[in-house]
Enquirer: 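Following this message is one structure expressed as structure tokens.
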Amino acid sequence: MADAYDVLVIGAGPAGLAAACRAAESGGSVAVVDDNPRPGGQIWRAGEGKFAAGAVAWLASAERLRVGFIAGSRVFAAPATGRLALESFTRGEFEVSYRNLILATGARERFLPFPGWTLPNVMGAGGLQALAKGGLPVEGKRIVVAGSGPLLLAVAKYMREHGAHVRLIAEQTPGSALHRFAWSLALHPEKAIQAIGLRAQLLGVRYLTGCWPIAAEGQEKLAGVTLRRGSKTWSEPCDYLACGFGLVPNLELASLLGCRMSAAGVEVDEYQLSSIAGVYCAGEITGIGGLELSLAEGEIAGLAAAGRLETARHRFPARESGRRFADALDRAFTLRDELKSLPRPDTLVCRCEDVTLARIQSCRGWREAKLHTRCGMGPCQGRICGPAVEFLQGWKAESVRPPVFPAEVGSLIKASQEGN
Ligand SMILES: Cc1cc2nc3c(=O)[nH]c(=O)nc-3n(C[C@H](O)[C@H](O)[C@H](O)COP(=O)(O)OP(=O)(O)OC[C@H]3O[C@@H](n4cnc5c(N)ncnc54)[C@H](O)[C@@H]3O)c2cc1C
């Protein structure tokens with residue numbers, strides 16, 4: 001028998017926690033699934049056993065409202081309408097059924113390939129932060145933070161607080177675009193205060209706009225990074241390169257369920273309902289927009305899934321404000337075309353299947369590249385190379401098939417039998 005819930009939420013980040021709490025206020029059975037051992041998602045991921053201040057109130061509400069937490073479990077398939085197949089280390093394969101589903105699966109970093117990007121110690125910016133929160137010692141390490149977006153500042157601040165020597169932050173966006181963005185923050189005072197606070201905490205760290213990595217250097221592991229700014233190119237020695245070019249939504253599960261997509265993410269109506277009846281979406285999967293937008297969307301989705309449409313409307317202004325900020329973010333941190341010429345013909349683009357740029361460019365589209373080179377068919381299932389190929393070649397992944405995450409063969413067989 002599958003565990004059954006009135007409202008099932010996938011993702012225990014800010015959007016998922018807000019959705020679960022609001023849905024549970026009506027008294028129905030609610031549970032949140034997350035593949036991490038503890039709730040919090042990317043931003044509130046517990047480090048050193050402590051939860052971030054913002055998470056504490058939501059976690060206390062979730063406990064008071066008896067929201068179930070299905071931890072360390074990953075949804076990998078949807079064997080039948082109203083049912084999902086999950087896998088965890090402790091339970092193996094199991095199923096969960098729901099009346100209403102809220103997808104809050106968040107986002108991941110976008111990586112762009114450049115020579116040397118597969119060297120050990122070249123990491124995602126958020127990835128390095130997550131490892132440090134999990135115990136990786138960074139004290140005394142020389143770190144270059146590079147790529148694009150506000151996450152670079154958050155990561156640099158975290159690394160500095162933990163004793164790392166942040167040598168510089170290389171932001172690819174031009175200074176003029178950042179100035180316009182800074183002015184737009186006047187409409188979002190809380191964001192302006194956050195930004196000022198971040199810059200103050202990073203005093204003394206060089207922040208170079210219009211600057212990006214063109215190669216990572218080293219033999220067995222990273223020794224330094226070559227950076228470009230205007231006509232100047234130089235090498236910066238470092239122990240870690242924390243590198244991310246913005247975020248991309250985790251759309252695989254929503255695609256598997258058949259939700260219609262917009263340019264930014266999953267398409268939703270004013271109550272966060274997707275094109276599939278009973279499936280709501282909230283947070284970064286509907287478009288990258290930051291914490292406040294994720295929370296507002298989560299609350300609206302949770303209230304709507306519990307049938308409280310009038311109350312949900314009270315959160316519309318907060319969502320509107322979040323969307324305006326998201327638009328400003330999107331305009332400010334557009335990726336420049338020069339980044340398309342970073343990889344050389346022999347640079348690996350699909351690192352799971354060792355597929356070079358030259359092999360990908362010999363194909364006419366994503367499907368042909370998959371069939372002929374196995375690009376996107378390794379363990380990450382195109383999560384890393386997919387957005388890179390989309391940026392470099394303009395090809396979009398055409399379809400998503402189960403499993404959306406690698407699963408054991410036994411789990412796949414069990415899920416397919418249960419789906420019959
Ligand atoms: C790597 C990274 C680091 C970030 N760090 C910061 C930061 O330091 N400061 C900041 O302001 N913003 C940060 N952000 C941005 C921040 O995450 C967003 O602004 C926002 O809070 C996202 O909330 P969310 O609830 O939509 O998603 P998330 O917080 O991403 O939560 C989604 C959760 O769903 C889980 N999940 C996804 N698919 C499945 C599945 N199939 N089965 C089970 N669980 C699943 C994920 O593991 C994750 O825990 C970061 C983003 C990323 C990608």
Side-chain angles (χ1 to χ4, degrees), residues 8-20 31-47 52 54-55 58 69-78 84-88 96 101-111 123-133 147 149-159 161 191 194-195 197-198 242 244 246-257 265-266 272 281-299 301 322 325-326 329 381 383 400 402-407:
L8 181 68
V9 182
I10 313 301
L17 287 175
V32 190
V33 176
D34 200 286
D35 49 358
N36 292 284
R38 302 178 74 189
Q42 300 292 359
I43 183 171
W44 289 340
R45 195 189 293 275
W58 288 107
F69 182 44
I70 305 173
S73 304
R74 198 169 250 182
V75 179
F76 68 91
L84 295 176
L86 285 73
E87 188 181 67
S88 84
V96 176
L101 180 67
I102 302 177
L103 298 180
T105 50
R108 59 179 176 269
E109 292 179 271
R110 183 195 279 114
F111 302 105
M123 308 224 185
L128 181 61
Q129 185 187 35
L131 284 175
K133 285 184 179 179
L151 181 58
L152 303 185
L153 294 174
V155 170
K157 171 183 158 270
Y158 185 89
M159 293 299 147
E161 281 169 356
K191 295 281 184 194
Q194 269 175 31
L198 259 179
L247 303 178
V248 285
N250 291 324
L251 298 176
E252 292 74 16
L253 193 51
S255 297
L256 186 69
L257 292 169
V266 186
Q272 300 295 134
C281 294
E284 307 249 85
I285 59 162
T286 66
I288 305 303
L291 174 64
E292 285 75 15
L293 181 57
S294 293
L295 285 171
E297 289 192 2
E299 289 190 72
F325 175 69
L329 260 185
Q381 288 287 290
R383 281 183 173 75
V400 172
V404 289
F405 278 108

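Atoms within a ligand are numbered from 1 in the order they appear, just like the ligands themselves.
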Enquirer: If I compare all heavy atoms of Phe69 with all of Pro37, which pair ends up nearest, and what's the gap?
Expert: CE2-O, 3.7 Å
Enquirer: Numbering the atoms of ligand 1 from 1, which are under 4.0 Å from a heavy atom of Gly283?
Expert: 26 (O)
Enquirer: Checking contacts here: is it the side chain or the backbone of Ile285 that comes within 4.0 Å of ligand 1, counting heavy atoms only? Could be both or neither.
Expert: neither
Enquirer: Closer than 4.0 Å to some heavy atom of Gly13 - which atoms of ligand 1 meet that?
Expert: 25 (O), 29 (O), 31 (O)
Enquirer: Quick check on contacts: which atoms of ligand 1 are under 4.0 angstrom from a heavy atom of Gly41?
Expert: 29 (O), 31 (O), 49 (O)
Enquirer: Got a donor-acceptor contact below 3.5 angstrom from the Glu87 side chain to the Arg74 backbone?
Expert: no
Enquirer: Is the backbone N or O of Glu292 less than 3.5 Å from a side-chain atom of Ser294, with the two atoms forming a donor-acceptor pair by type?
Expert: no
Enquirer: Show the nearest heavy-atom pair for residues Cys281 and Thr286, with the distance to one decimal.
Expert: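 Where Cys281 meets Thr286 most closely, the heavy atoms are O-CG2, 3.7 Å.
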Enquirer: To check your reading of the model: name the closest protein heavy atom to atom 34 (O) of ligand 1, its residue, and the distance in Å.
Expert: Gly11 CA, 3.2 Å
Enquirer: Return the residue, atom name and 0.1 Å-rounded distance of the protein heavy atom closest to atom 22 (C) of ligand 1.
Expert: Glu284 CG, 3.3 Å
Enquirer: Do you know the tightest heavy-atom contact between Gly126 and Val155?
Expert: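 So the two residues come closest at N-CG2, 4.1 Å.
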Enquirer: Just to check, does Glu252 reach to within less than 4.0 Å of ligand 1 when the distance is taken from its heavy atoms?
Expert: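 No, Glu252 has no heavy atom closer than 4.0 Å to ligand 1.
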Enquirer: Quick one: does Glu109 get an N or O within less than 3.5 Å of an N or O on ligand 1?
Expert: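 N/O-N/O distance below 3.5 Å does not exist for this pair.
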Enquirer: For atom 20 (C) of ligand 1, grab the closest protein heavy atom and report residue, atom and distance to one decimal in Å.
Expert: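 The closest one turns out to be Ser294 OG, 3.6 Å.
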Enquirer: Which is closest to atom 32 (C) of ligand 1 in terms of heavy atoms, Ala104, Ala125, Gly149, Ala282?
Expert: Ala104
Enquirer: Answer with yes or no whether Phe405 contacts ligand 1, where contact means a heavy atom under 4.0 Å from a ligand atom.
Expert: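 Yes, Phe405 has a heavy atom closer than 4.0 Å to ligand 1.
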Enquirer: What protein heavy atom sits nearest atom 46 (C) of ligand 1, and how far off is it?
Expert: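 Result: Asp35 OD1, 3.6 Å.
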Enquirer: Tell me, which protein residue and heavy-atom name are nearest atom 49 (O) of ligand 1, and how many Å apart are they?
Expert: Asp34 OD2, 2.8 Å
Enquirer: Applying a 4.0 Å heavy-atom criterion (strictly less than), which segment of Ser73 is in contact with ligand 1: side chain, backbone, both, or neither?
Expert: backbone
Enquirer: Taking it one step at a time, do Leu257 and Leu101 satisfy side-chain contact (heavy atoms from CB on, under 4.5 Å)?
Expert: CA-CA 11 Å; Leu257 292 169; Leu101 180 67; 3.6 Å; yes
Enquirer: Can you check side-chain contact (heavy atoms from CB on, under 4.5 Å) on Ile10 and Leu84, steps first, answer last?
Expert: CA-CA 10 Å; Ile10 313 301; Leu84 295 176; 3.8 Å; yes
Enquirer: Give the numbers and elements of all ligand 1 atoms closer than 4.0 Å to a heavy atom of Ala15.
Expert: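 In order of number, 25 (O), 26 (O).
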Enquirer: Under 4.0 Å from a heavy atom of Leu291: which atoms of ligand 1 are those, numbered in the order shown and with their elements?
Expert: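 It comes down to these atoms of ligand 1: 19 (O).
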Enquirer: From Glu109 CD over to Met123 CE, what is the distance, rounded to the nearest 0.5 angstrom?
Expert: 11.5 Å
Enquirer: Can an N or O of Val75 be found at a distance shorter than 3.5 Å from an N or O of ligand 1?
Expert: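 Min N/O separation from ligand 1 is below 3.5 Å for Val75.
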Enquirer: When you measure from atom 27 (O) of ligand 1 to every protein heavy atom, which one gives the shortest distance, and what is it?
Expert: Gly106 CA, 3.2 Å
Enquirer: List every atom of ligand 1 that sits less than 4.0 Å from any heavy atom of Ala154, numbering the atoms from 1 in the order shown and giving each element.
Expert: 8 (O), 9 (N)
Enquirer: For atom 7 (C) of ligand 1, what's the nearest protein heavy atom and its distance?
Expert: Leu151 CD1, 3.8 Å
Enquirer: Within the 4.0 Å heavy-atom shell around Asn36, which atoms of ligand 1 are there?
Expert: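 Near Asn36, meaning under 4.0 Å from one of its heavy atoms, ligand 1 has 47 (O), 49 (O).
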Enquirer: Has the side chain of Asp34 got a donor or acceptor atom that lies under 3.5 Å from a matching backbone atom of Pro39?
Expert: no
Enquirer: Check Glu252 against Val400 and note the closest heavy-atom contact, atom names and distance.
Expert: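 Shortest heavy-atom separation between Glu252 and Val400 comes out as O-CG1, 3.6 Å.
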Enquirer: Would you say that Trp58 contacts Pro14 through its side chain, given a criterion of any heavy-atom pair below 4.5 Å between the two side chains?
Expert: no
Enquirer: Any atoms of ligand 1 less than 4.0 Å from a non-hydrogen atom of Ala107? List them with their elements.
Expert: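 In order of number, 30 (O), 53 (C).
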Enquirer: Look at the side chain of Glu299 and the backbone N and O of Ala19, then say whether any donor-acceptor pair between them is shorter than 3.5 Å.
Expert: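 No: the side chain of Glu299 does not pair with the backbone of Ala19.
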Enquirer: Which heavy-atom pair separates Leu251 from Gly265 by the least distance, and what is that distance?
Expert: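 Here Leu251 and Gly265 meet closest at CD2-CA, 4.0 Å.
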Enquirer: Is it the case that ligand 1 has an N or O less than 3.5 angstrom from some N or O of Pro14?
Expert: yes
Enquirer: Classify the contact between Val155 and ligand 1 as side chain, backbone, both or neither, using a heavy-atom distance cut-off of under 4.0 Å.
Expert: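 None of Val155 does.
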Enquirer: Looking only at heavy atoms, what is the nearest atom pair of Ala18 and Leu295, with distance?
Expert: CB-O, 3.8 Å
Enquirer: Report the nearest protein non-hydrogen atom to atom 50 (C) of ligand 1: residue, atom name, distance rounded to 0.1 Å.
Expert: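 That would be Gln42 CB, 3.8 Å.
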Enquirer: Check for a donor-acceptor pair, side chain of Ser73 on one end and backbone N or O of Val33 on the other, with a separation under 3.5 Å.
Expert: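 Looks like no, no N/O pair under 3.5 Å.
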